[in-house]
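Each remark here refers to the structure printed beneath this line.
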There are 2 protein chains.
Amino acid sequence: MKSTILETGEPIGGGGDGGRAAEASLHGEILIRLRDHVVEGNIPDGGRVPERQLCELFGISRTPLREALKVLAAEGLIELLPNRGARVRALSERDIEELFDVMGGLESLAGRLACENVSDAEIAEIERLHYEMYGFYLRSDMHNYFLINQRIHERIVAASRNETLRATYATFAGRIRRVRYSANFARKRARWAEAMREHEMILDALRRRAASELADILFHHLRNKRTAAVEQMGAPAEIMTPPSQL
Amino acid sequence: MKSTILETGEPIGGGGDGGRAAEASLHGEILIRLRDHVVEGNIPDGGRVPERQLCELFGISRTPLREALKVLAAEGLIELLPNRGARVRALSERDIEELFDVMGGLESLAGRLACENVSDAEIAEIERLHYEMYGFYLRSDMHNYFLINQRIHERIVAASRNETLRATYATFAGRIRRVRYSANFARKRARWAEAMREHEMILDALRRRAASELADILFHHLRNKRTAAVEQMGAPAEIMTPPSQL
DNA sequence: TACCACAAAAATGAATGCAAAAATTGGTAG
DNA sequence: CTACCAATTTTTGCATTCATTTTTGTGGTA
């Protein structure tokens with residue numbers, strides 16, 4: 001008996017979970033590693049996902065790898081062409097609009113449910129993060145601003161007390177991760193200030209536990225992010241070159 | 001539907017689609033058939049999903065079947081226990097609450113987006129369905145009422161013009177299909193009347209294209225469905241016995 | 001009779017093998 | 001030199017095989 005495999009009987013994939021469980025059973029590990037491999041942009045958009053190479057990269061046979069590919073296809077991260085293998089799914093502008101809107105719907109829901117369930121301590125924690133983020137905004141520290149921003153949204157989702165929602169949110173977040181990353185670099189000060197104001201409204205509505213209002217604000221917040229992201233796409237100039245792929 | 005297999009090079013799983021495409025490639029067909037097999041309740045809750053038997057049922061080898069199992073696990077329909085095979089995922093009361101809330105969030109979003117995009121013709125069609133449904137309500141024709149009800153909700157989702165949302169909605173709808181079916185049999189006249197009133201509000205808000213308002217109404221509509229479903233669960237008396245499983 | 005140990009049987013997880021389809025290469029004709 | 005076609009190579013999809021693990025069944029013992 002080795003040290004890597006866990007011996008618990010914990011179920012895998014129980015809740016369409018965003019890939020949290022399933023570390024056991026080779027296939028599960030490969031799924032996670034392959035997902036990361038794709039999400040992190042090691043393969044260019046629309047590029048082929050060569051089974052053979054990945055097999056030796058991960059040191060496994062094709063069977064578990066192909067199982068993972070099927071799952072990633074179901075998640076929408078890659079697409080499978082009959083007899084022509086897997087490709088990294090290139091997101092069209094429309095795809096990105098749709099994804100941001102769905103994210104908006106999910107965050108909107110999260111806010112609504114959070115108003116029902118959030119504790120005072122959680123609000124206090126979100127407030128703390130908010131002011132921390134505000135500090136980075138004042139200092140124009142984009143990177144740390146973005147990090148805290150993410151955490152605030154995650155806290156709201158967590159406060160919704162809905163594990164199904166959390167897992168679904170995680171899946172979609174992974175799907176647009178690359179885009180969000182680059183959209184992040186749209187250093188438009190105007191949009192940034194607007195986002196900051198929206199975050200103040202979010203916090204205010206959450207404090208008052210105004211569910212419908214928070215739902216509205218969050219949807220529009222994401223809608224504005226969508227606009228910013230799409231504008232950024234229009235004039236990319238220099239696309240982030242993936243860190244070289246063997 | 002044509003002769004089952006389609007020869008187009010259409011990608012599979014392109015959008016996390018709810019199983020619409022992918023009829024090609026044995027694996028894809030098996031995925032659909034197996035999903036139906038589970039959703040339709042041929043295997044009891046928590047029951048084992050025997051690979052061997054299903055293989056000969058479908059007349060295939062274990063490889064494509066196992067690929068399908070992995071996907072269904074990712075969708076949350078079944079769960080995989082390491083070295084102990086697949087089981088049909090039994091939904092706890094909490095699971096069902098979560099699922100209804102997520103469905104509420106998705107329909108809420110659909111309504112919001114529909115207000116942006118719905119055409120007059122689509123509204124007219126939904127109105128037509130609404131009055132047709134009203135007729136079944138008056139005649140206490142539960143079955144047809146439910147069918148039209150489903151179609152109205154689908155029309156709203158379609159009017160959102162968001163394919164990603166549509167696919168996600170379809171996946172979750174499949175996940176609670178069994179529950180909805182039995183919840184449907186909760187013939188509480190009071191709840192039924194309430195639902196009818198809510199539908200009138202939905203139609204009204206859609207006509208006025210009042211996005212936030214419609215979002216609210218749809219969420220609460222689903223929340224009420226959730227309450228009804230959970231109450232129904234509490235006193236099931238006779239659980240729908242699955243039509244015997246070899 | 002209840003319980004535990006042990007062995008046989010079955011099922012799972014992963015690797016390998018094989019046929020078919022696609023991509024690639026080489027060659028030829030125009 | 002280019003366009004087109006055929007043969008080779010590669011890749012994909014599925015079946016089969018092999019090694020573990022779990023489950024089942026049996027017998028012995030307290």
Side-chain angles (χ1 to χ4, degrees), chain A residues 1-14 21-34 43 46-74 78-89 246, chain B residues 4-14 21-34 43 46-74 78-89 245-246:
Chain A
M1 201 74 66
K2 61 265 32 174
S3 52
T4 52
I5 309 286
L6 48 98
E7 298 100 6
T8 80
E10 190 178 342
I12 292 178
E23 285 95 24
S25 84
L26 198 42
H27 149 264
E29 193 202 322
I30 292 301
L31 175 58
I32 292 171
R33 291 218 279 162
L34 184 55
I43 304 175
R48 295 183 57 154
V49 183
E51 291 185 8
R52 212 77 184 57
Q53 291 181 34
L54 290 174
C55 282
E56 57 186 55
L57 172 62
F58 293 135
I60 56 164
S61 79
R62 283 175 55 214
T63 307
L65 184 90
R66 296 183 98 265
E67 291 171 349
L69 286 175
K70 300 292 186 295
V71 173
L72 293 185
I78 63 175
E79 52 189 11
L80 302 177
L81 296 93
N83 293 318
R84 305 178 81 214
R87 316 231 152 174
V88 173
R89 188 161 175 230
L246 48 117
Chain B
T4 61
I5 309 285
L6 49 95
E7 298 100 7
T8 79
E10 191 178 340
I12 292 178
E23 284 97 23
S25 85
L26 197 42
H27 148 266
E29 194 200 322
I30 292 301
L31 175 59
I32 292 171
R33 291 219 279 161
L34 184 55
I43 304 174
R48 296 184 57 152
V49 183
E51 292 185 7
R52 206 76 182 59
Q53 293 180 32
L54 289 173
C55 282
E56 56 186 55
L57 172 62
F58 294 135
I60 55 163
S61 81
R62 284 174 55 216
T63 307
L65 185 91
R66 295 183 96 262
E67 290 172 350
L69 286 176
K70 300 292 187 296
V71 173
L72 292 185
I78 63 175
E79 50 189 13
L80 302 177
L81 296 95
N83 294 317
R84 305 177 76 209
R87 316 234 152 170
V88 173
R89 187 163 175 229
Q245 159 233 12
L246 44 119

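Note on naming: letters A, B, ... go to the chains in the order of the sequence lines (proteins, then strands), and numbering restarts at 1 for each one.
- Look at B/Arg48 and you'll find a side-chain N or O under 4.0 angstrom from OP1 or OP2 of C/dT12.
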- request: For the pair A/Glu51 and A/Leu69, evaluate side-chain contact (heavy atoms from CB on, under 4.5 Å) and give the outcome as yes or no after the intermediate values.
  value: CA-CA 9 Å; A/Glu51 291 185 8; A/Leu69 286 175; 4.1 Å; yes

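- Residues B/Arg62 and B/Cys55 approach most closely at CG-SG, 3.4 Å, considering heavy atoms.
- Distances shorter than 4.0 Å separate none of the side-chain N or O atoms of B/Arg62 from OP1 or OP2 on C/dT12.
- The 5' end of DNA chain C is approached more closely, in terms of each residue's nearest nucleotide, by A/Pro64 than by the other of A/Arg87 and A/Pro64.
- Closest non-hydrogen pair, A/Pro64 versus A/Ile30, comes out as O-CG2, 4.4 Å.
- Between A/Leu31 atom CG and C/dG13 atom P the separation is 14 Å, expressed in whole Å.
- Atom CG of B/Leu26 and atom CD of B/Glu67 lie 9.0 Å apart (nearest 0.5 Å).
- Taking both residues in full, the closest heavy atoms of B/Arg87 and B/Leu81 are given as CG-CD1, 3.3 Å, listed atom of the first, atom of the second, then distance.
- Here the shortest heavy-atom pairing between B/Val71 and B/His27 reads CG2-NE2, 4.4 Å.
- The distance between atom CG of B/Leu69 and atom P of C/dA11, rounded to the nearest whole Å, is 15 Å.
- Of all heavy-atom pairs between A/Arg48 and A/Ile43, the closest is O-CG2, 3.6 Å.
- The nearest whole Å value for the distance from the CZ atom in B/Arg84 to the P atom in C/dT12 is 12 Å.
- If you measure from atom NE2 of A/His27 to atom C1' of C/dA14, you get 12 Å, rounded to the nearest angstrom.
- Counting to the nearest Å, the P atom of D/dT22 and the CD atom of B/Glu51 are 15 Å from each other.
- Going from atom CG of A/Asn83 over to atom P of C/dA20 covers 12 Å, rounded to whole Å.
- Contact annotation: B/Arg66 side-chain N/O to C/dT12 OP1/OP2 distance is not under 4.0 Å.
- In this structure, the CD1 atom of B/Ile30 is 9 Å from the P atom of D/dA15, given to the nearest Å.
- Distance, A/Leu65 CG to C/dA15 C1': 13 Å, rounded to whole Å.
- Relative to the axis of its first five pairs, the axis of the last five pairs of the helix from C/dT1-D/dA30 to C/dG30-D/dC1 sits at 10°, rounded to 10 degrees.
- One donor-acceptor pair, N or O on each side, does fall under 3.5 Å between the base of D/dA15 and the side chain of B/Thr63.
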